Amino acid sequence: MRRPLVAGNWKMYGTRHSIDELLSGLNAQQWPEQVDLLIAPPALYIQQCREALGQSPVRLAGQSCAWQAESGALTGEVSPAQLRDAGCEYVLVGHSERRSLFGETDEVVCRKFAAALACGLRPILCVGETQQQRDANETAEVVGRQLQVILERFGVAGLAQGVVAYEPVWAIGTGLTASPEQAQEVHAMIRARLALLDDEQAQRVQIVYGGSVKAENASALFSMPDIDGGLVGGASLNADEFGAIARAAGQVQ
Ligand code: 13P
């Protein structure tokens with residue numbers, strides 16, 4: 001059985017003060033035991049989160065990382081080794097905002113995935129199609145291409161050291177959620193594609209859904225057979241809402 005995973009991506013939100021409040025709210029939550037929980041704060045505030053979370057089951061993730069594992073002359077970047085040193089266990093790679101706004105290609109995403117693994121971080125590989133690509137019936141092809149570069153280099157076993165996040169671009173920050181059936185269809189397609197290469201490993205890979213996940217739609221999404229939890233943006237900035245989403249993941253059998 002795969003463990004569900006619920007991750008909060010705080011994106012570029014928060015100040016020291018607002019993050020203190022959010023952390024107090026998180027520390028007041030009842031967390032389900034059987035769910036992997038993590039937050040990805042802005043890098044600047046990882047230390048603050050680490051100190052406030054203490055023994056909490058909520059783990060830390062970076063939102064992105066450099067494509068090089070160790071230190072180097074890369075102004076403005078944060079290396080996977082530095083994220084690890086700061087207490088992170090995971091890092092997002094290939095979020096659609098990084099792909100579309102910062103020009104990250106599949107090659108760059110693959111280098112970041114490799115650098116993360118080399119440092120013992122679990123990369124969360126984000127994949128997903130735009131509205132235009134969905135309308136043109138290209139979802140399988142687009143998502144397949146985004147996975148392919150990682151599979152060619154690392155195989156399914158390498159991918160299984162990380163997590164896959166299916167985040168349809170049209171559902172991110174728009175309030176438009178993929179229906180549980182729409183999301184399940186893509187998750188099942190991803191798993192089937194992995195299973196063709198290595199069925200045993202494919203059954204182990206956590207595939208989480210992202211795109212306007214909220215407390216009110218979480219249960220329906222997480223009860224689908226191939227949806228192993230969520231990558232939550234906006235709703236993760238509210239501790240009670242994030243807590244409710246985590247508990248929804250804990251209630252799914
Ligand atoms: P929203 O939950 O705000 O739609 O964001 C999803 C996302 O991008 C998580 O990485």
Side-chain angles (χ1 to χ4, degrees), residues 4-14 18-19 22 26 35-43 45-46 49 58-65 78 83 88-102 104 109 112-113 116 121-131 133-134 139 142-143 146-147 162-180 182-183 186-187 190 206-222 224 227-249:
L5 180 148
V6 172
N9 175 7
W10 292 1
K11 306 194 179 183
M12 200 175 67
Y13 291 101
S18 72
I19 286 176
L22 182 47
L26 290 176
V35 180
D36 293 336
L37 299 162
L38 53 130
I39 52 168
Y45 301 116
I46 289 171
C49 294
V58 178
R59 309 287 181 213
L60 290 165
Q63 294 181 9
S64 180
C65 64
V78 178
L83 289 174
C88 290
E89 295 175 39
Y90 294 81
V91 62
L92 304 181
V93 296
H95 190 281
S96 69
E97 287 151 16
R98 301 294 317 174
R99 292 178 190 264
S100 68
L101 303 171
F102 299 93
E104 288 189 9
V109 173
K112 292 186 174 201
F113 190 97
L121 286 176
R122 293 191 68 193
I124 302 176
L125 174 71
C126 303
V127 298
E129 82 288 2
T130 62
Q131 182 71 62
Q133 290 164 334
R134 173 161 281 259
T139 301
V142 169
V143 171
Q146 291 167 335
L147 288 168
V163 174
V164 176
Y166 169 57
E167 298 205 303
V169 179
W170 48 272
I172 295 180
T174 57
L176 288 176
T177 319
S179 68
Q182 274 176 322
V186 180
H187 284 232
I190 292 172
Q206 288 169 310
I207 309 178
V208 300
Y209 168 80
S212 300
V213 176
K214 307 178 197 69
E216 88 187 27
N217 58 25
S219 292
L221 285 161
F222 300 164
M224 300 311 268
I227 302 184
D228 305 319
L231 177 53
V232 187
S236 71
L237 297 169
N238 178 312
D240 290 339
E241 180 93 7
F242 187 66
I245 294 168
R247 289 187 290 277

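As a basis for the values below, the full set of heavy atoms in this structure was taken, side chains included, without hydrogen atoms, waters or symmetry mates. Counting begins at 1 with the first residue of the sequence. One-based numbering, in listed order, for ligands and for the atoms of each. Note that the structure is predicted; figures quoted are calculated from it, not measured.
Residues passing the ring pair (Phe, Tyr, Trp, His ring centres under 6.0 Å) test with Y90: none are found, sequence neighbours excluded. The salt bridge (charged side-chain N to carboxylate O under 4.0 Å, His left out) check on R59 picks up E89, with sequence neighbours excluded.
For the side-chain hydrogen bond (donor to acceptor under 3.5 Å, both in side chains) with Y166, the qualifying choice from E129, Q146, H187 is E129, the only one to do so.
Minimum heavy-atom separation, A183 to I227: CB-CD1, 3.7 Å. Minimum interatomic distance between G230 and V208 (heavy atoms only, all atoms of both residues): N-CB, 3.8 Å.
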Taking a 3.5 Å cut-off between nitrogen or oxygen atoms, can you list every pair linking ligand 1 to the protein, with distances?
| from | atom 1 | to | atom 2 | distance (Å) |
| --- | --- | --- | --- | --- |
| ligand 1 | 2 (O) | S212 | N | 3.4 |
| ligand 1 | 2 (O) | G233 | N | 2.9 |
| ligand 1 | 3 (O) | G234 | N | 2.8 |
| ligand 1 | 4 (O) | G173 | N | 2.6 |
| ligand 1 | 4 (O) | S212 | N | 2.8 |
| ligand 1 | 5 (O) | K11 | NZ | 3.4 |
| ligand 1 | 8 (O) | K11 | NZ | 2.9 |
| ligand 1 | 8 (O) | H95 | NE2 | 2.8 |
| ligand 1 | 10 (O) | N9 | ND2 | 3.1 |
| ligand 1 | 10 (O) | H95 | NE2 | 2.9 |
| ligand 1 | 10 (O) | E167 | OE1 | 3.2 |
| ligand 1 | 10 (O) | E167 | OE2 | 2.9 |

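Here side-chain hydrogen bond (donor to acceptor under 3.5 Å, both in side chains) pairs that include residues 208-217, with residues two or more places apart or in two chains, are T177-N217.
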